[in-house]
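Notes to accompany the following structure.
Note on naming: letters A, B, ... go to the chains in the order of the sequence lines (proteins, then strands), and numbering restarts at 1 for each one.
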Protein chains: 2
Amino acid sequence: MRIDDASTLTRPSADPAPVPAQPASAPPAPAPPREPGVVTVEKTLAILEAVAERGGATAREVSEALGFPLPTVYRLLQALVQSDYLVHLTGQHRFELGYKLDRLGVSLHRQIGIPTSVRTEIGRLHTLSQTAAYFAVYRGADVVVAYVVDSPDHPRLTPLNFGFHEATHATAFGKIMLAGMSSEQRDQYLDVHELTRLTATTKTRRQDLYAELAQVATSGVAWEIEEFVPGMTCAAVGVRNGAGMIIGSVAISAPSAELSERRQRDIERHLRDASNQVSRYYRSGALRRANTATL
Amino acid sequence: MRIDDASTLTRPSADPAPVPAQPASAPPAPAPPREPGVVTVEKTLAILEAVAERGGATAREVSEALGFPLPTVYRLLQALVQSDYLVHLTGQHRFELGYKLDRLGVSLHRQIGIPTSVRTEIGRLHTLSQTAAYFAVYRGADVVVAYVVDSPDHPRLTPLNFGFHEATHATAFGKIMLAGMSSEQRDQYLDVHELTRLTATTKTRRQDLYAELAQVATSGVAWEIEEFVPGMTCAAVGVRNGAGMIIGSVAISAPSAELSERRQRDIERHLRDASNQVSRYYRSGALRRANTATL
DNA sequence: TGAGCGTTCTCGCAGAGTGAGAACGCCGGG
DNA sequence: CCCGGCGTTCTCACTCTGCGAGAACGCTCA
């Protein structure tokens, strides 16, 4: 059973900034797209990430990659080393990631807080249904992937790593969560999140989406057939707390080609079983943070 | 928490610089101990860690905990949110950790890079010997815990988490690694790292330590009996690469009381077995980064 | 209705961060 | 042996950035 590795760089969601075309000229001040923010902090974090991406780097590499002058890079590198976000491998003349990042990662997982019983249940879902298996929860106003179990034979959908929280309209667990919101919450949510087209069959009109959500609400199961990634299908069932509110969702993904009608029925059954088990956990006490997802 | 370099030595706590006459000002703060560094960055990271420690926090909590004025805290919080190191749960008026921290944690683990075959071997060591099991490697000039397998019945020693790299003189795997260094490397290492007393039996004199290291080098196994944590004993065996150099170490920890002579023999056997298996992996190709530990 | 909190803005000042440049030690190659 | 290149640290004067008191706005609760 693997926890979570993989995950590489995802394209930074390019904001629709005006002036997308930088005229190649103007070496002086082409005014980068970025909003103000605290410049020093942004530079520092950029350096940290540069070191992370290339699995360690020399100061010069960072300087060239980011276009920051060398003295600045050294200064900020040292600040990061001092706080244990980086280590300086003096022998190898390299900077690599520091151990605080592990501790922070652990803290993050603790904040999301998926109990072991739920983890094993998702593991069972993976084994029984022979698919990648997911657990998603509300976090604040977002819907986020909180746990994944997959295997070489049944790998996760590449973007669906821990922390994924986009494309709610185009994922099975996203539909479950949208269907679980009050209509005002849903409207507000969709006012902020566009119905981006991802494949030929992605539902990009609210009308269509609402119609499906109504159906999801009654049937209790959401399917998503190649609306997110071509050739792949997902399915999900909601998880409810003691008050009957949807607080999360168990889900699977599999190649569409492998899904005979019979297999679909089996999967639905496994999803409902898993949902029941997980819901049972959340019904019995232990509902830690207020999951009422105020939006 | 590092104790290393000389920079601390150069600056006496209260520097009696020329111009001692401060213009009558400064009745309040006599300037805290901290060395310069990039102030903004330090503040920002302090905020990040404050949020991590308390599992999410409001801006005001952070402000009070760290003594930074509110507008500053908000500004830096936003910088962190913008870079995905924090999320702002607007519904709950809280800031919590962001998903980039997971990605950075994963990158760190990838940089340390313990292959799965080694992981399973440490798992087996845990099961067979019925103890917490560890794998440690050189990283730059340091010796760091790279992987741990434990269980409720056989928990790890509390400080021995991933990333632990102190007290080399008082841990079994540390002794293995010290024994594996050239004498110049060892001397240099010990010039920088004090032989801190941790328990009544910690070896704090180089003499004593060197004597034991010589014995470790010949026997191939290091024991550490309550020199690190009272009541707990550790043992370790080295892992060698194709060139015969020590590049890591497998280790276990257990309560001293549970270690009959027979059990000690069993544990030594299991450690040697594990070491052989792991060494085999590092012998066959795959010796990625130059582990020659230049110091 | 008002107090308290979360959150964002404004704005003038001070000082922090900046970055060209030089310096130092170390290495490997000519 | 000396030179050139690299990693690393320091200096220093200038400027622009981050600072933080304070006020403002909206919300929730009593």
Side-chain angles (χ1 to χ4, degrees), chain A residues 27-29 31-32 34-47 51 56-82 86-96 140-141 184 188 290 292 294-295, chain B residues 4-8 10-11 22-23 25-26 28-29 31 34-47 51 56-82 86-96 140-141 188 290 292 294-295:
Chain A
R34 194 83 181 212
E35 274 299 299
V38 184
V39 174
T40 309
V41 171
E42 276 167 11
K43 281 188 189 166
T44 307
L45 299 181
I47 288 178
V51 173
T58 67
R60 170 158 312 190
E61 280 169 16
V62 173
S63 161
E64 282 168 4
L66 301 177
F68 301 159
L70 245 190
T72 302
V73 170
Y74 269 108
R75 201 175 325 121
L76 299 181
L77 281 172
Q78 272 175 344
L80 287 166
V81 168
Q82 210 171 301
L86 291 179
V87 291
H88 188 189
L89 271 25
T90 32
Q92 289 170 115
H93 302 294
R94 296 167 56 76
F95 291 83
E96 292 198 357
E184 306 86 50
Q188 266 187 65
T292 30
T294 38
L295 178 49
Chain B
D4 59 348
D5 54 338
S7 64
T8 25
T10 49
R11 279 247 173 271
Q22 278 290 17
S25 67
R34 191 84 184 210
E35 273 300 299
V38 184
V39 175
T40 310
V41 171
E42 276 167 12
K43 281 188 191 169
T44 308
L45 299 181
I47 288 177
V51 173
T58 67
R60 170 159 311 188
E61 281 168 15
V62 173
S63 160
E64 282 167 5
L66 301 178
F68 302 158
L70 247 189
T72 302
V73 170
Y74 268 108
R75 202 178 318 123
L76 298 180
L77 281 171
Q78 272 176 344
L80 287 166
V81 168
Q82 211 172 301
L86 290 180
V87 292
H88 188 187
L89 271 25
T90 32
Q92 289 169 116
H93 301 294
R94 294 167 57 76
F95 291 83
E96 292 196 357
Q188 267 186 63
T292 30
T294 39
L295 180 48

Taking donor-acceptor contacts at under 3.5 Å, does the side chain of Arg75(B) reach the base of dG20(D)? yes

Got a list of side-chain donor-acceptor pairs under 3.5 Å for residues 70-77 of chain A, not counting sequence neighbours?
none

As an exercise, state the distance from CD of Gln82(A) to CG of Leu45(B), rounded to the nearest 0.5 Å. 10.5 Å

Rounded to whole angstrom units, what separation is found between the CG atom of Leu77(B) and the P atom of dC19(D)? 12 Å

Kindly list each side-chain donor-acceptor pair under 3.5 angstrom involving residues 56-67 of chain A, sequence neighbours excluded, with atom names and distances?
| from | atom 1 | to | atom 2 | distance (Å) |
| --- | --- | --- | --- | --- |
| Thr58(A) | OG1 | Glu61(A) | N | 3.1 |
| Glu61(A) | OE1 | Thr58(A) | N | 3.3 |
| Ser63(A) | OG | Phe68(A) | O | 2.8 |

Looking at Gln78(A), does any N or O in its side chain come under 4.0 Å of the phosphate oxygens OP1/OP2 on dT8(D)? no

Looking at dC19(D), I'd like to know if its phosphate oxygens (OP1 or OP2) sit under 4.0 Å from a side-chain N or O belonging to Thr72(B). no

Between dG17(C) and Thr40(B), is there an OP1 or OP2 to side-chain N/O distance shorter than 4.0 Å? yes

Describe, as an angle rounded to 10 degrees, how the axis at the first end of the helix from dT1(C)-dA30(D) to dG30(C)-dC1(D) is tilted relative to the axis at the last end, five pairs per end. 40°

Verdict with reasoning, Val38(B) to Thr44(A), per side chain to side chain contact (heavy atoms under 4.5 Å, CB included): CA-CA 10 Å; Val38(B) 184; Thr44(A) 307; 5.9 Å; no

So, with a heavy-atom separation below 4.0 Å from DNA chain D, the residues of residues 57-70 of chain A are Arg60(A), Leu70(A)

OP1 or OP2 of dT8(C) versus the side-chain N and O atoms of Tyr74(B): is any pair under 4.0 Å? no

In terms of side-chain heavy atoms of Lys43(B), which of dT8(C), dG20(D), dG19(C) is nearest? dG20(D)

Length of the line joining Leu76(A):CG and dA16(C):C1', which is rounded to integer Å: 13 Å

Quick one: Phe95(A) CZ to dT8(D) C1', roughly how many Å, whole number? 9 Å

Show the nearest heavy-atom pair for residues Arg94(B) and His88(B), with the distance to one decimal. O-CD2, 3.4 Å

Between His88(B) and dT7(C), is there a side-chain N or O to OP1/OP2 distance below 4.0 Å? yes

For dT8(D), does either OP1 or OP2 sit under 4.0 Å from a side-chain N or O belonging to His93(A)? yes

Rounding to 0.5 Å, atoms CD (Glu96(B)) and CG (Leu89(B)) come to a distance of 5.0 Å

Calculate the interatomic distance between Leu86(B) atom CG and dT7(C) atom C1'; express it in whole Å. 16 Å

Please enumerate all protein N or O atoms sitting under 3.5 Å from an N or O of nucleotides 21-28 of chain C, with distances to 0.1 Å.
none

